[in-house]
Amino acid sequence: MNKKHPAIEKLEQAFPGVVKKIITAFGETGIVVDKEDLMRVCRLLNEDKELRFDFLSDLSGVDYQGKKDKRFELVYQLYSTHTHQRLRLKTEVGENERVPTMTGIWRSADWLERECHEMFGIEFEVHRDLMRLLTIEEFDGFPLRKDYPLVGKAEIIAGNEGGLQWRKRE
Amino acid sequence: MLHLGPQHPSTHGVLRVDLELDGEVIVKVTPYIGYLHRGIEKLAENKTYHQVIPLTDRLDYTSPMVNNLGYVLAVEKLLGLRVPERSQVIRVIMAELTRIQSHLIWMGTHVLDIGAMSPIMYCFREREQILDIFEMVAGARMNPSYIRVGGVNGDLMSEARDKIAGFTETFPKHIKEYEDLLTNNPIWINRTKGVGKITAEEAINLGTTGPTLRSCGFKWDLRKTNPYSGYENYKFDIILGKNGDVYDRYQVRIEEMKQSIDLIKQGLEKLKPGPIYPDEAKVIPPIKEKVMADIGALIHHFKIMSEGFKVPEGEVYQAIETPRGELGFYIVSDGSSKPYRVKIKTPSFMNLMALETLAKGRLLADIVAIIGSMDICLGEVDK
């Protein structure tokens, strides 16, 4: 694919040097930006009159433990309901690093960020409520990290005096 | 303050909703999910690409074939496989049968929640016919895992074909039965018109897709805008509502069922004899007779069954239109026979986020109608 995705041209015009890497494969386009630029890039993609990436399809974390310098990668799947184009936006996040929340731009980011937080332990800054979503509140660890065992670290058993107890797996 | 669920029939599964009430008016809605969390994404990382297919069945258990299709399309995109024409048509027929089946369950239970007891009997009667077809084609009623990488598991027999053709003849009459019961029913209209309204801008910002979004009059259907599996060759229009309320969602789904019948008819016409798998010995398991006779086929069979086929390095996002909205699979491959990461974007998960906006300021009795009208499936929400 020689033709550049229109979003990349726009981004390079508005903020030179912001796009760190362009990945075109399987008929899809992805770009990598710095975590610090994420907010203004998203805002531009969302608000630009020609691009109008008004729909956040998905947000997922990927754990590249030991494979990349920074451990995690956040992947935003953007979609424009007007031009019907897709764009994948990626940013690298180290352990214990914080990422700005996108709930101000797409409200759909709310639960997606919560899910990402509970599965990978990535903190989102000024998110209104990062409570656990799919696992129970007492859950220990971040299950989708590569170093989390498939069988889990502990299991719940019913306690003698009612209530729940955790039993550690060997 | 009132807790609705998790064991409440009108939550369609195990959903808990905390309602803050002022008299009978809903002030705040907080859904709690995760009661059905099975860690499908984690499991998928530890299985071969082929072994993940049955897991996708169990995402949205009311429309398994569509889930298979979404996953398989993503893997095929990574592999660069070209699926034979016949398989593509069979896939579309199955996807549309699944859509009807899923809409039937939705209608039966949703209407039952609101108080009409009889439609569920009719809906499940017709659903049974579709499940019989699934059993005939795939060998299982509920979790068929029929759509496989490269094609489908077993050709569509002529008996099954006749049965599908027969179903397309009788089903439109049954839709009329449902409509006679509901469309102009004053109680039904009172309970649904103007309830749970949402505008298209809000819906998009909240990530809502599928019939819930189309009921606002917003024209977006992935089958049309980003076609897959040969949908570009079929003639159909995007069905739209107007007001974005519970009643319009009902009408959109009724019309979608009629449209699906039309698509199945078109599909049956397109169904030409031919192979169902591409000629890719490294990915597609060889047929049994060949395994017994040919050493090359035996080796391929052993390799594919034991360690699985290898998928080139890369990442794809494939989205399809399920009965509930946009289902997306984001797969990262590291070149081995197991996916490095599978992220599943499920439509119900995103649609449920809109519950607060839909229900705020309405009466307590409306929350049941609103939850029902969004057609959530908790298997899909919790993953």
Side-chain angles (χ1 to χ4, degrees), chain A residues 23 25-30 46 52 54-64 67 73 75-88 90 103 105-112 114-116 118-120 129 131-137 139 143-146 148-152, chain B residues 30-39 41-43 45-46 74 77-80 200-209 213 218-220 222 224-226 312-319 326 328-330 332 334 340-346 349-354 356-357 381-383:
Chain A
I23 309 151
F26 309 106
E28 296 175 15
T29 310
N46 177 245
R52 289 175 83 178
D54 51 357
F55 188 80
L56 175 64
S57 261
D58 194 10
L59 161 63
S60 66
V62 187
D63 182 4
Y64 288 105
K67 295 197 171 187
E73 201 168 66
V75 188
Y76 294 80
Q77 314 281 356
L78 306 180
Y79 184 81
S80 165
T81 54
H82 300 272
T83 62
H84 303 298
Q85 273 185 329
R86 284 189 188 281
L87 180 69
R88 186 180 304 133
K90 303 208 288 184
T103 42
I105 301 171
W106 301 286
R107 275 161 77 196
S108 47
D110 186 355
W111 281 15
L112 292 170
R114 273 173 73 179
E115 192 195 354
C116 207
E118 78 168 322
M119 294 298 174
F120 292 97
D129 172 23
M131 206 177 74
R132 283 195 175 268
L133 190 67
L134 296 173
T135 48
I136 64 169
E137 286 136 54
F139 196 89
L144 276 181
R145 285 189 178 187
K146 288 284 174 188
Y148 192 88
L150 180 63
V151 288
Chain B
T30 326
Y32 289 89
I33 59 171
Y35 290 90
L36 213 60
H37 181 61
R38 292 146 294 170
E41 288 174 3
K42 181 85 180 171
L43 284 169
E45 288 174 9
N46 292 280
K77 210 175 188 181
L78 272 168
L79 286 163
E201 288 80 43
E202 263 184 316
I204 288 169
N205 201 250
L206 280 162
T208 313
T209 46
L213 175 63
F218 193 83
K219 217 171 180 177
W220 179 26
L222 286 166
K224 198 89 189 169
T225 56
N226 306 65
E313 218 174 310
E315 46 184 9
V316 291
Y317 181 79
Q318 173 69 43
E326 184 205 35
F329 281 89
Y330 172 61
V332 181
D334 59 353
Y340 189 75
R341 168 94 168 102
V342 181
K343 172 73 172 67
I344 309 162
K345 177 257 158 100
T346 52
F349 181 81
M350 307 288 270
N351 289 356
L352 192 58
M353 233 186 299
E356 189 161 7
T357 316
V381 175
D382 297 342
K383 288 184 272 208

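From a predicted model like this one, the values you see are computed outputs, not experimental measurements.
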Output the option from [options] having the highest count of non-hydrogen pairs under 4.5 Å with chain A.
options                       : value
B/L36, B/D334, B/I344, B/N226 : B/N226
B/E202, B/K42, B/K219, B/E326 : B/K42
B/Y35, B/F349, B/F218, B/Y340 : B/Y340

Sorted by chain and residue number, the side-chain contact (heavy atoms from CB on, under 4.5 Å) partners of A/D58 (sequence neighbours excluded) come out as A/Q77, A/L112, B/Y317, B/K343, B/K345
Contacts of B/E201 that satisfy side-chain contact (heavy atoms from CB on, under 4.5 Å) - sequence neighbours left out = B/T199
Smallest separation among heavy atoms of [X] and [Y], with atom names:
X      : Y      : answer
B/N46  : A/L150 : ND2-CD1, 3.3 Å
B/L78  : A/F26  : O-CE2, 3.3 Å
B/R341 : A/S60  : NH2-CB, 4.0 Å
A/S57  : B/M350 : O-CE, 3.7 Å

Where does [X] contact chain B at under 4.5 Å (heavy atoms): side chain, backbone, both or neither?
X      : result
A/Y79  : side chain
A/R132 : neither
A/D63  : backbone
A/R145 : backbone
A/L56  : backbone

Measuring heavy-atom distances to chain A, does [X] have an atom under 4.5 Å in its side chain, in its backbone, in both, or in neither?
X      : answer
B/V332 : side chain
B/T208 : backbone
B/T346 : neither

Ignoring hydrogens and geometry, is there a side-chain-to-backbone donor-acceptor pair from B/N205 to A/I105 under 3.5 Å?
-> yes
Do the non-hydrogen side-chain atoms of [X] and [Y] ever get within less than 4.5 Å of each other?
X      : Y      : value
B/Y32  : A/M131 : yes
A/K146 : B/E45  : yes
B/K77  : A/E28  : yes

From [atom1] ([X]) to [atom2] ([Y]), nearest 0.5 Å:
X      : Y      : atom1 : atom2 : answer
A/R114 : B/I33  : CZ    : CD1   : 7.5 Å
B/H37  : A/E118 : NE2   : CD    : 6.5 Å
B/N351 : A/S108 : CG    : OG    : 11.0 Å
B/K383 : A/M119 : NZ    : CE    : 7.5 Å

Of all of [options], which one pairs up most often with chain B through heavy atoms under 4.5 Å apart?
options                     : answer
A/L134, A/V62, A/L59        : A/L134
A/G61, A/G30, A/A25, A/A109 : A/G61
A/W106, A/Y64, A/W111       : A/W111

Ion pair B/E315/A/K90, N-O distance below 4.0 Å | yes
